[in-house]
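Single-structure report; data block below.
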Amino acid sequence: MEFLQPADWAEALAVKAAHPDALPIAGGTDVMVDLNFDRARPGALLDLTRVTDLTDWGTDGDWLRVGAGVTYRRLIDELAGRVPGLALASRTVGSPQIRNRGTVGGNLGSASPAGDAHPALLAAGALVELASVRGTRRVPVTEYFTGPKRSVRTPDELIAAFLVPARPGAEQFAKVGTRNAMVIAVCSFALSLDAATRTVGTGIGSAGPTPLRATEAEAFLAAELPWETRGAVPESVAARFGELVGSAARPIDDVRGSADYRRHALAVLARRALAWAWTDPGGAV
Amino acid sequence: MTITEVGSARRRKEDARLITGRTTWTENVTLPGMLHLAILRSPMAHARITSIDVSPALETKGVVAAFSGRDVADVQGALPCAWPVTADMVHPDRPPIAVDEVKFMGEAVAVVAARSRAAALDAIAAIEVDYEPLPAVLDMEAAIADGADLVHADKGTNKGYTWVFDSAEAGTGGDAAAALDGAEVVIKRRYVQQRLIPAFMEPRSVVVDPTGDAYSIWSATQIPHILRFLISVVTGTPEHKVRVIAPDVGGGFGGKLQVTPEELIAFVAAKRLGRPVKYTESRSESLVSAHHGRDVIQDLELAARRDGTVTGLRVKLLANMGAYMGLVGPGVPILGAFMYNAIYKFPAYRFECSGIFTNTTITDAYRGAGRPEATYAIERLMDELAAELGLDPMDVRRRNWIKAEEFPFTTVCGLQYDSGDYDKATDRAMELLGYDELRAEQQRRREAQDPVQLGIGISTYTEMCGLAPSRVLGSLRYGAGGWETASVRMLPTGKVEVVTGTSPHGQGHETAWSQIVADQLGVAFDDVEVLHGDTRTSYKGLDTYGSRSLAVGGIALYNACQKVLDKAKPIAAHMLECDPADLEFTGGQFRVRGNPDGGKSMADCALAVFAAHDLPDGIEPTLDADAVYDPVNFSFPHGTHLCATEVDTETGRVTIRKYVAVDDIGKVINPLIVEGQVHGGIAQGVAQALFEEAVYDADGNLMTGTLVDYTLPTAADLPSFVTDRTESPAPDHPLGTKGVGEAGTIASTPAVVNAIVDALRPMGVNDIAMPCTPERVWRAVQGGAA
């Protein structure tokens, strides 16, 4: 196995172009698991930990741009106010050691339906910035996932960053797991309520072949929420929203949980996330 | 003698090296010319090996040898079972490497020895095996139905044994069947103890070094002495040519109370190749091939009067043995047989257990071994009885339990409980929990139809510790005794070496043993070195399991110390020019009674015997002493654990709000070590209630083969425990200790499940299968029953 270790971003892109089969590795919290279990035997590993550009974040017009190599720990410590939903999700990732190493870029690279960051990115309407020697493109995260562990990223591309609106809405994240840490979620749900645009964003994890949006639920809730009065959300609206989220999921039965339970739990999580987000529009913690 | 060390919360002297890893774990042992082994394991639960070709592995870089079960069939021997619980127990030979048939997923089928671990692992992928699938036997009830497929076709049955205890037949109590027939109330339940995996922290590892005709074996084992004996017996190697070393060992929980295929494979490989070999398992290999625990179906019938007085209990078990009989596996349910009556005065009792073969990994001892199953069953039943009768579950228990003034009490099983005070421990636990306030809150939540309901779970337990009086073990057909040994060696400078036959793997024996010696001999805690685990220094012992080390090994040590004192006394008297009868040993000094000045310490005596220039006539110039202690009885710690859980009826999520443990383990040598045992034990028992389960699919594939799927709890899943103790000293020996290694695990599982069921009982729920995952709890709420 070859071990490729570019010193900067330009070299990383060149190496990736020359070795399209090389598996990028940053924190290694997904890649090393696959190697350990002999599920992956890549011809080459492309180590991105020396590429310092990937660990920066800053604003880019109306967007907040976060380098693909920013760890969960830094999202929690440095960006909790700017990406509140993602920061909440980050707190549930693995263990402290894994949060110190794992990155959102890696989560997007694996494109697992259970990736903890994905629902929050979907709810926030994030963009994924992909780069290659051919150029750079920004793909809405809603179009990024194409199947289980598959995405629109081409073999010569690397994930440079993700972007979210610089002024976040009220965001929440909730998940059900078989334990509190170091676990693959049974299902997870992220919500973003943007009072300025009166739009609703959702993201569902671990309940379909890819992370999913509940578009019908979003449209329903955007139309029904008392944006003007900020009054209480009618019980029936919350319940219907939950149902629509549950029915948007495409879960399977597996050792972690049944499809029925996942739909039900998503409905409960959605209803609760709505209550939290509506009553605490700051969202940030 | 002044007691200063015993009872003090000494930090463990072994921890610095264990925590930093600057010590000898078996995996750290590296010998010149050593080869590394990798094991190819069966991907199928049950299949005939139609062909196997290891030669492609030999062509792989770095490989020195490769062999299959057929290549070593005549020399590899069979794995031992030390506990044939009945005279006619079916005990199929278990080859370390499968020869013609694989009988569970993860069974070894071939071995590669290479110059590096990586080369060995790469090479096993090249081995070609053809399997012809056979029907996998997985369900215990199907396994004993007529016409069932067989795990061992040549045995003609999947039933390994049936073992019965009946108090009427034994003359220790009445007839359970009669009690049930005439009962005012019968509570009939089936509980399932799911399959668990011990999941010790340090994976198993073994190094075998052949030198001349002798073998040195390092192994991450709990049982170096038993391993030495059985390696000798199984391989035909003279016992004095076998040395076993259990260096520092990282946990066991019973999971390393085994003679493993891997140990025999390494032995066979080292012998065959004439070179040292090492095998260390991966975590995944450990989960699939190290022995599992529990996996018992319990059919229970409790007879009672309407006032809550229990009149009889009948227990029928199916215990999953896995594909073969483990070292003590058949006996594990038998260890529980005497505990179903728990702390209660049941007049009639019958227990029947059948050990069943299935195409799964073997089961064997796992923390508590039989006693958690028994405690779970009876503590769940007492709650069900209370619910049936509309009585408070604690009142029902009080009505039935043995009162403090009734000890020693002979139970319906014929055991004599040594001491205890169940009222005292319970009262303290209820006070610490705030039992009445929580009951009031529970009522409020019920009335408000809060989506999050509150439940209170009770577990009043006892257990039999201090394994074990050798005669009792003999009567149960166990293959060994239950004594333990200790040696005390006084060095000329006054320092002390202790050799113990116990084999700590995380328990802190070095600290606790040092505390005992320090007090007995009046030496400094730091001046005591405790040696263990190497059969060259500790040639005799019965190792560590069953909460026995302190309750048995500690007494051997105490007795050895008394012998040292007895030897030192005439020497001190000679130096003090007085009659030994006039001496007393106080404050670490032999002094003339009534004269506080001018005493002689153990160090003075040690130097005197070293020089031996001026000893009394006829005195052997040594203070060293050995002692072997065979307990006269088990010890019976007890306690009351109370658990308050919040149960989210919408998601099914269970959160432990408060957990109180009041344990009575007799006298305490080191409260900090006790606290650690209680915390870890509770965590492990909570894990059975809420998190852990080894799951096989319909083909016999283990679906929980990683620690992502086999969900051990983390600190984030557990509350801060509230702990306290009452103290009923063990009356049978001078230290008064009873044992604490398993108490938390035994007590906590029913406390948690009782709490969950208590929260949901108004919704019609009276049981939830373990582990009580959010989904199962939610389903119970939906269905009113699990």
Side-chain angles (χ1 to χ4, degrees), chain A residues 1 29-30 32-39 41 91-99 112 114 116 174-189 206-207 235 238-239 242 246 251 253-273 275, chain B residues 38 41 43 118 121-122 124-125 282-285 287-288 451-452 648-656 683 686-687 689-698 701-719 771-783:
Chain A
M1 185 192 295
T29 60
D30 276 345
M32 289 310 298
V33 172
D34 279 350
L35 294 181
N36 278 338
F37 286 121
D38 212 11
R39 291 195 291 245
R41 285 215 176 183
R91 289 174 195 276
T92 74
V93 171
S95 60
Q97 294 89 336
I98 286 173
R99 292 194 287 275
S112 159
D116 285 303
K175 86 177 184 186
V176 174
T178 45
R179 66 183 163 199
N180 280 323
M182 301 288 291
V183 73
I184 296 171
V186 174
C187 59
S188 60
F189 179 74
S206 292
E235 190 84 7
D253 295 328
D254 66 18
V255 71
R256 281 181 281 279
S258 69
D260 285 353
Y261 175 71
R262 288 184 156 113
R263 283 185 199 279
H264 164 80
L266 279 167
V268 175
L269 296 184
R271 192 155 41 79
R272 291 183 179 175
Chain B
R41 294 179 182 279
L121 286 168
D122 279 343
I124 56 170
S282 68
R283 178 61 67 183
S284 301
E285 287 180 286
L287 292 174
V288 75
V452 179
D648 185 331
T649 57
E650 293 184 329
T651 62
R653 183 189 159 101
V654 172
T655 307
I656 298 179
V686 168
L690 296 181
F691 302 110
E692 297 181 19
E693 181 174 27
V695 180
Y696 284 92
D697 71 8
N701 298 303
L702 182 68
M703 302 302 287
T704 49
T706 76
L707 292 181
V708 170
D709 301 305
Y710 188 79
T711 40
L712 291 176
T714 71
D717 298 298
L718 298 162
C772 302
T773 59
E775 174 158 2
R776 283 191 179 153
V777 173
W778 172 70
R779 285 194 183 284
V781 170
Q782 298 307 300

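Here the structure is a predicted model, which is why all the values come from computation and not from measurement. Sequence lines set the chain letters: A, B, ... in the order given, protein chains first and strands last, and positions in each chain run from 1.
- Within the model, atoms CD of B:Glu692 and OG1 of B:Thr773 stand 13.5 Å from one another, a figure rounded to the nearest 0.5 Å.
- Rounded to the nearest 0.5 Å, atoms CD (B:Gln782) and OH (A:Tyr261) are 10.5 Å apart.
- Both the backbone and the side chain of B:Thr711 come within less than 4.5 Å of a heavy atom in chain A.
- The parts of A:Ser258 that come within reach of chain B are both its backbone and its side chain, each placing non-hydrogen atoms under 4.5 angstrom from that chain.
- For the atom pair A:Thr178 OG1 and B:Tyr710 OH, the distance stands at 12.5 Å (nearest 0.5 Å).
- For A:Arg262, no part sits under 4.5 Å from any heavy atom of chain B, backbone or side chain.
- Looking at A:Asp260, its side chain never comes within 3.5 Å of a backbone N or O of A:Arg263 through a donor-acceptor pair.
- The distance from atom OG1 of B:Thr655 to atom CG of B:Asp648, rounded to the nearest 0.5 Å, is 7.5 Å.
- In this structure, the portion of B:Asp709 lying under 4.5 Å from any heavy atom of chain A is its side chain and not its backbone.
- Counting heavy-atom pairs closer than 4.5 Å to chain A, the top residue among B:Val695, B:Leu712, B:Leu690 is B:Leu712.
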